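To start, the structure under review is shown below, and the notes come after it.
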Amino acid sequence: MNIIDGKKLSAEIREQMTARAAAYEARVGRKAGLAVVLVGEDPASQIYVRNKIAACEQVGVRSYAYYLPADAMQAQLDELIDTLNADKNVDGILVQMPLPKHLDEQATLKRIAPDKDVDGFHAVNAGRLMQGQDCLAACTPSGIIELIRSTGTPIAGKHAVVVGRSNIVGKPVAMLLLKNDATVTICHSKTPDLASFTRQADILVAAVGRKELITGDMVKPGAVVIDVGMNRVDGKLYGDVAFESVSKIASYITPVPGGVGPMTITMLLKNTLDAAEHAER
Ligand code: NDP
């Protein structure tokens with residue numbers, strides 16, 4: 001069994017992003033720009049936003065941070081998004097989720113110009129992904145594809161089983177695997193006899209949010225196993241995969257933490273540079 005080191009891969013890709021960001025700046029005369037919008041003071045969201053801003057600085061992408069109060073009205077948020085949509089220095093826009101309850105997340109995501117939607121959550125980008133077109137794909141799913149590629153295992157022709165069908169992980173990663181010519185099965189909470197599906201997987205992606213749901217007896221020998229889950233129990237972080245038993249069966253496995261997690265912000269930087277370069281054309 002080999003552990004897929006998400007931190008190492010993330011650092012390698014960030015080096016490539018640094019070179020791309022510098023080349024962009026030299027060509028265009030300004031840094032590629034990412035606007036990050038945070039509404040309210042949720043402590044976890046504050047940390048995510050800080051990490052995203054720090055990552056931008058690390059690779060030479062300019063960040064623009066906007067903090068709205070927790071009681072901001074939808075109209076205020078909409079106006080900010082409209083301004084950022086029109087701002088030529090802003091190539092990517094990210095509104096940190098979740099929003100305070102009185103705000104409409106779907107309407108907010110829809111308001112972002114699809115070509116600046118670096119989270120890849122806009123229905124237009126989800127639709128482009130569904131049609132196999134080039135698009136800004138969601139960051140965690142894109143990171144998962146990079147992690148699988150890093151093993152040298154070809155995706156084409158493999159049976160990939162995705163457990164979870166959320167719009168932010170399960171569905172987009174299934175579409176990306178399909179785009180890469182895997183045969184894809186999507187499982188969810190209503191799937192009877194989950195193990196009968198996961199045991200067929202050459203590539204198994206667990207994006208469920210249930211501590212150690214996937215155990216060694218549910219995995220095909222030699223499978224590549226990607227654990228997206230982040231389940232905090234009594235202050236400790238657990239994946240959706242029981243690492244101890246599955247690592248004895250899998251050929252490659254991502255650890256939690258240190259697997260999928262570090263890739264997400266790196267793919268956000270990649271999407272920002274993709275969006276900036278796309279706007280140049
Ligand atoms: P959601 O809660 O939105 O979706 C979970 C999915 O798992 C649903 O489709 C649900 O099915 C399915 N599911 C739940 N229980 C079972 C079960 N017993 N058997 C089979 N399927 C089941 O979660 P997310 O997709 O947002 O996140 C999944 C996990 O990934 C979480 O732990 C989250 O913290 C983590 N995550 C990690 C990221 C990272 O950067 N590392 C980024 C994003 C998420 P149904 O649709 O039927 O309800």
Side-chain angles (χ1 to χ4, degrees), residues 3-10 13-14 42-45 47-52 54-55 94-99 105-106 109 118-121 126 129 137-148 150 160-177 184-201 204-215 217-219 225-243 246 253-271:
I3 293 178
I4 310 174
D5 187 342
K7 273 195 208 148
K8 184 160 163 271
L9 181 61
S10 172
I13 297 176
R14 283 192 195 193
D42 176 63
S45 294
I47 294 171
Y48 291 138
V49 164
R50 258 205 310 276
N51 290 344
K52 286 167 189 176
L94 178 153
V95 178
Q96 185 64 46
M97 299 291 161
L99 290 174
E105 290 190 350
Q106 283 312 314
L109 292 176
V118 284
D119 255 340
F121 293 158
L129 180 61
C139 298
T140 300
S142 301
I144 293 169
I145 298 297
E146 294 297 331
L147 288 163
I148 299 168
S150 76
V161 176
V162 178
V163 189
R165 58 173 165 180
S166 72
N167 288 332
I168 62 165
V169 191
K171 276 186 213 151
V173 79
M175 287 303 130
L176 285 172
L177 287 161
V184 183
T185 301
I186 306 175
C187 302
H188 47 80
S189 70
K190 307 291 185 295
T191 302
D193 193 7
L194 181 64
S196 70
F197 293 94
T198 58
R199 272 192 217 112
Q200 296 176 41
L204 178 60
V205 179
V208 186
R210 300 275 182 280
K211 179 191 162 195
E212 300 184 342
L213 175 76
I214 307 292
T215 46
D217 57 320
M218 296 169 74
V219 175
V225 179
I226 307 292
D227 188 353
V228 189
M230 291 201 303
N231 309 294
R232 205 167 278 285
V233 181
D234 296 332
K236 199 174 167 239
L237 196 61
Y238 295 87
D240 290 342
V241 174
F243 187 87
V246 174
I253 184 167
T254 57
V256 176
V260 174
M263 294 295 290
T264 298
I265 293 183
T266 298
M267 300 318 285
L268 172 68
L269 298 171
K270 179 179 175 293
N271 275 354

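Positions are given from 1 along the sequence. The model shown is predicted, which means the values in this text are computed figures rather than measured ones. Read the numbers this way: they start at 1 and go in the same order the structure lists the ligands and their atoms.
Here is the list of ligand 1 atoms found below 4.0 Å of a heavy atom in Ile168: 26 (O). Every atom of ligand 1 is numbered from 1 in the order shown, and the set under 4.0 Å from a heavy atom of Val169 is 25 (O), 43 (C), 44 (C). Per-residue contacts place Val260 under 4.0 angstrom from the following atoms of ligand 1 (heavy atoms of the residue considered): 41 (N). Less than 4.0 angstrom separates some heavy atom of Val163 from each of these atoms of ligand 1: 20 (C), 21 (N). Near Gly164, meaning under 4.0 Å from any of its heavy atoms, are these atoms of ligand 1: 6 (C), 7 (O), 9 (O). Proximity to Thr264 (heavy-atom distance under 4.0 Å) selects the following atoms of ligand 1: 39 (C), 40 (O). Short contacts between ligand 1 and Ala207, defined as distances under 4.0 Å to a heavy atom of the residue, involve ligand atoms 5 (C), 6 (C), 7 (O), 28 (C). Residue Asn231 has at least one heavy-atom neighbour below 4.0 Å for each of these atoms of ligand 1: 32 (O).
At a heavy-atom distance under 4.0 Å, no atom of Thr191 approaches ligand 1. Counting heavy atoms under 4.0 Å from ligand 1, residue Met263 does not touch it at all. Within the 4.0 Å heavy-atom criterion, the part of Thr140 lying near ligand 1 is the side chain and not the backbone. If you look at Val228 next to ligand 1, the close heavy atoms, those under 4.0 Å, come from the backbone and the side chain alike.
Of the possible donor and acceptor atoms, none in the side chain of Glu146 sits under 3.5 Å from a partner among the backbone N and O of Ser142. A donor-acceptor pair is defined here as one N or O able to donate and one able to accept, closer than 3.5 Å; no such pair exists between the side chain of Thr254 and the backbone of Ile4. Formation of a donor-acceptor pair under 3.5 Å by the Thr198 side chain with backbone atoms of Met218 is found in this model.
For atom 10 (C) of ligand 1, the candidate residues are Ser189, Pro141, Cys139, Gly261; the nearest heavy-atom contact is made by Ser189. Distances from atom 15 (N) of ligand 1 to the heavy atoms of Val208, Ile214, Ile144 put Val208 nearest.
Residue Arg165 has at least one N or O atom closer than 3.5 Å to an N or O atom of ligand 1. For ligand 1, the polar-atom distance check finds no N/O of Lys190 at less than 3.5 Å from any of the ligand's N/O atoms.
In this structure, OG1 on Thr185 lies 6.5 Å from CD on Gln200, to the nearest 0.5 angstrom. To the nearest 0.5 Å, the span separating CG on Leu94 from CZ on Phe121 amounts to 8.0 Å.
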